[in-house]
Amino acid sequence: MTVTSLHDPSHREALWELENAFERGDLVSLFGRCTVSYEGRAASDLAAGDRLLLLKPDGAALVHTDEGRQPVNWQPPGSEHRAAVREGRLRVVSTRTNPAETLTVRFSDVHQLSAMPVTGGRDLDLHGSEEDLRTRILERPDLIEAGFEPRETERPSSAGPMDVFGVDADGNPVVVELKRRRVGPDAVGQLARYVRALREELGVDGDSLDADADADADAAEPEVRGVLVAPSVTDRAAERLADRGFEHVALEPTPER
């Protein structure tokens, strides 16, 4: 694979390389000091700053800063890239027609330009997904606990679809939240919302399920349980699970070979 890389090119040098890269269908990265403007369904402007511009052969354009994983501005695949030098500055324009949108990046300084052919890897074969985790549990419910019986997946609730809904050996409703990676307190909060929604749906008052509740009330109101399935949890998440009376089952999306 041939990679072209220019360090501190002149604006004309950068233009020539961009035109060649566009013709070859290369992936291009440009880093330098620039302003960014967008016109289309709305309008926006970014003042001068050091940013990374990625231009993909499928027409996508992404402007990144030093924060976050999302671009601060972008154009979708299907756009058209053009470049020119105007008033001594490199200008890169990405446009699409439906809807009419234009992203314009004007560089006062180009610090780095790289162009490279990128092929393959478009068909993502995802392993270790939450769907894999769900499949493991449906095939082997005892991974949750002995006697667990899955009843529904993506069960609708006022808080959104539950990953797995089932009952335990005593017939108590169980909400199972699946996470394929190590998780923190947010995952516990998500599970709590599902449990609360199910309690409301079943007419179960979680506060009444205490030591003072009489036997008849306990029989009439089953305990709605929450189980978080994830490879591991943070200490803070473990504390919140304990506070809410939820449980954690340490489980990887795919079994170890």
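Small disclaimer: the values here were computed from a predicted structure and weren't measured. Quick note: numbers below take in every heavy atom, side chains included, and nothing from hydrogens, waters or symmetry partners.
In the hydrophobic clustering of this structure, Phe22 does not group with Leu27; members are Ile, Leu, Val, Met, Phe, Trp, Tyr whose side-chain heavy atoms approach within less than 4.5 Å, directly or through other members. Residues Val118 and Leu113 are members of separate hydrophobic clusters, defined by side-chain heavy-atom contacts under 4.5 angstrom among Ile, Leu, Val, Met, Phe, Trp and Tyr. Linking ILVMFWY side-chain heavy atoms closer than 4.5 Å, directly or via other members, places Trp74 and Val28 in two distinct hydrophobic clusters. Val93 and Leu103 fall into different hydrophobic clusters, defined by Ile, Leu, Val, Met, Phe, Trp and Tyr side-chain heavy atoms under 4.5 Å apart, directly or through other members. Transitive grouping of hydrophobic side chains (ILVMFWY, heavy atoms separated by less than 4.5 Å) keeps Leu198 and Ile144 in distinct clusters.
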For this session: Using the side-chain contact (heavy atoms from CB on, under 4.5 Å) rule, take Leu55 and Val92 through it: C-alpha gap first, then chi angles, then the decisive distance, then the call.
Result: CA-CA 10 Å; Leu55 302 170; Val92 181; 3.8 Å; yes
Problem set entry | Chi angles and distances behind the side-chain contact (heavy atoms from CB on, under 4.5 Å) call for Glu19, Leu15 | CA-CA 6 Å; Glu19 290 175 339; Leu15 173 62; 3.7 Å; yes
Exercise. Step by step, would you call Asp170 with Glu223 a side-chain contact (heavy atoms from CB on, under 4.5 Å)?
Worked result: CA-CA 10 Å; Asp170 297 323; Glu223 178 187 2; over 6 Å; no
For this session: Run the numbers on Leu52 and Val63 for side-chain contact (heavy atoms from CB on, under 4.5 Å), then give the verdict.
Result: CA-CA 6 Å; Leu52 174 67; Val63 180; over 6 Å; no
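Under the 4.5 Å side-chain criterion, counting only non-hydrogen atoms from C-beta, Arg51 is in contact with Val36. For the pair Arg91/Val105, no side-chain contact is recorded, criterion being any heavy-atom separation below 4.5 Å from C-beta on. The side-chain heavy atoms of Cys34 and Leu53, taken from C-beta on, include no pair separated by under 4.5 Å. No side-chain heavy atom of Pro9 sits less than 4.5 Å from a side-chain heavy atom of Glu17. Here the side chains of Val195 and Phe246 are in contact, with some heavy-atom distance below 4.5 Å. A heavy-atom distance below 4.5 Å is not found between the side chains of Met116 and Thr4. Side-chain atoms of Asp8 and His111, non-hydrogen and from C-beta on, do get closer than 4.5 Å to each other. Taking 4.5 Å as the limit, every side-chain heavy atom of Glu101 sits out of range of all side-chain heavy atoms of Ser79.
Taking the ring axis of Phe165 as reference, the NZ or CZ atom of Arg155 stays within 45° of it and closer than 6.0 Å to the ring centre.
Residues Asn73 and Ser44 come closest through the heavy atom pair ND2-OG, 3.4 Å. The shortest non-hydrogen separation linking Arg89 to Ser108 is CD-CA, 4.1 Å. Of all the heavy atoms in Glu252 and Arg136, the pair that sits closest is O-NH1, 2.9 Å. Nearest heavy atoms, Thr102 versus Thr104: CG2-OG1, 3.7 Å. Among all heavy-atom pairs drawn from Glu200 and Ser158, the shortest one is OE1-OG, 4.4 Å. Minimum interatomic distance between Phe31 and Phe107 (heavy atoms only, all atoms of both residues): C-CE2, 4.4 Å.
With sequence neighbours excluded, no residue forms a side-chain hydrogen bond (donor to acceptor under 3.5 Å, both in side chains) with Gln75. Scanning for salt bridge (Lys or Arg N to Asp or Glu O under 4.0 Å) contacts around Glu154 gives Arg134, with sequence neighbours left out.
The closest donor-acceptor contact from the side chain of Asp58 to the backbone of Ala60 lies under 3.5 Å. Between the side chain of Arg151 and the backbone N or O of Val164, no donor-acceptor pair lies under 3.5 Å. Between the His11 side chain and the Leu90 main chain, a donor and an acceptor come within less than 3.5 Å of each other. Side-chain N or O atoms of Ser10 include one that pairs as donor or acceptor with a backbone N or O of Glu13 at under 3.5 Å. Between the side chain of Asp132 and the backbone N or O of Ser129 there is at least one donor-acceptor pair closer than 3.5 Å.
How far CZ of Arg180 is from CG of Leu178: 12.5 Å, rounded to the nearest 0.5 Å. Note that the OG atom of Ser29 and the CD atom of Gln112 stand 7.0 Å from one another [nearest 0.5 Å]. Atom OG1 of residue Thr95 and atom CD of residue Glu39 lie 12.0 Å apart, to the nearest 0.5 angstrom. With rounding to the nearest 0.5 angstrom, the CG atom of Leu143 is 5.5 Å from the CG atom of Leu251.
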Between side-chain atoms of residues 224-244 and protein atoms elsewhere (two or more places apart, or another chain), which donor-acceptor pairs fall under 3.5 Å?
from: Arg225; atom 1: NE; to: Glu247; atom 2: OE2; distance (Å): 3.2
from: Arg225; atom 1: NH1; to: Glu145; atom 2: OE2; distance (Å): 2.8
from: Arg225; atom 1: NH1; to: Asp168; atom 2: OD2; distance (Å): 2.9
from: Arg225; atom 1: NH2; to: Glu145; atom 2: OE1; distance (Å): 2.9
from: Arg225; atom 1: NH2; to: Glu247; atom 2: OE1; distance (Å): 3.0
from: Arg225; atom 1: NH2; to: Glu247; atom 2: OE2; distance (Å): 2.7
from: Ser232; atom 1: OG; to: Arg182; atom 2: NH1; distance (Å): 3.4
from: Thr234; atom 1: OG1; to: Ala237; atom 2: N; distance (Å): 3.1
from: Arg236; atom 1: NH1; to: Glu239; atom 2: OE1; distance (Å): 3.0

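Checked options Arg196, Glu177, His248, Lys179; the residue passing with Leu191 is Glu177 (criterion: side-chain contact (heavy atoms from CB on, under 4.5 Å)).
At a cut-off of 3.5 Å, with distance as the only test, no side-chain donor of Ser157 or Glu201 sits close to an acceptor on the other residue.
With salt bridges taken as basic N to acidic carboxylate O contacts below 4.0 Å, one links Arg140 and Asp142.
Within 6.0 Å of the CZ atom in Arg24, the count of heavy atoms belonging to other residues, nucleotides or ligands exceeds 12.
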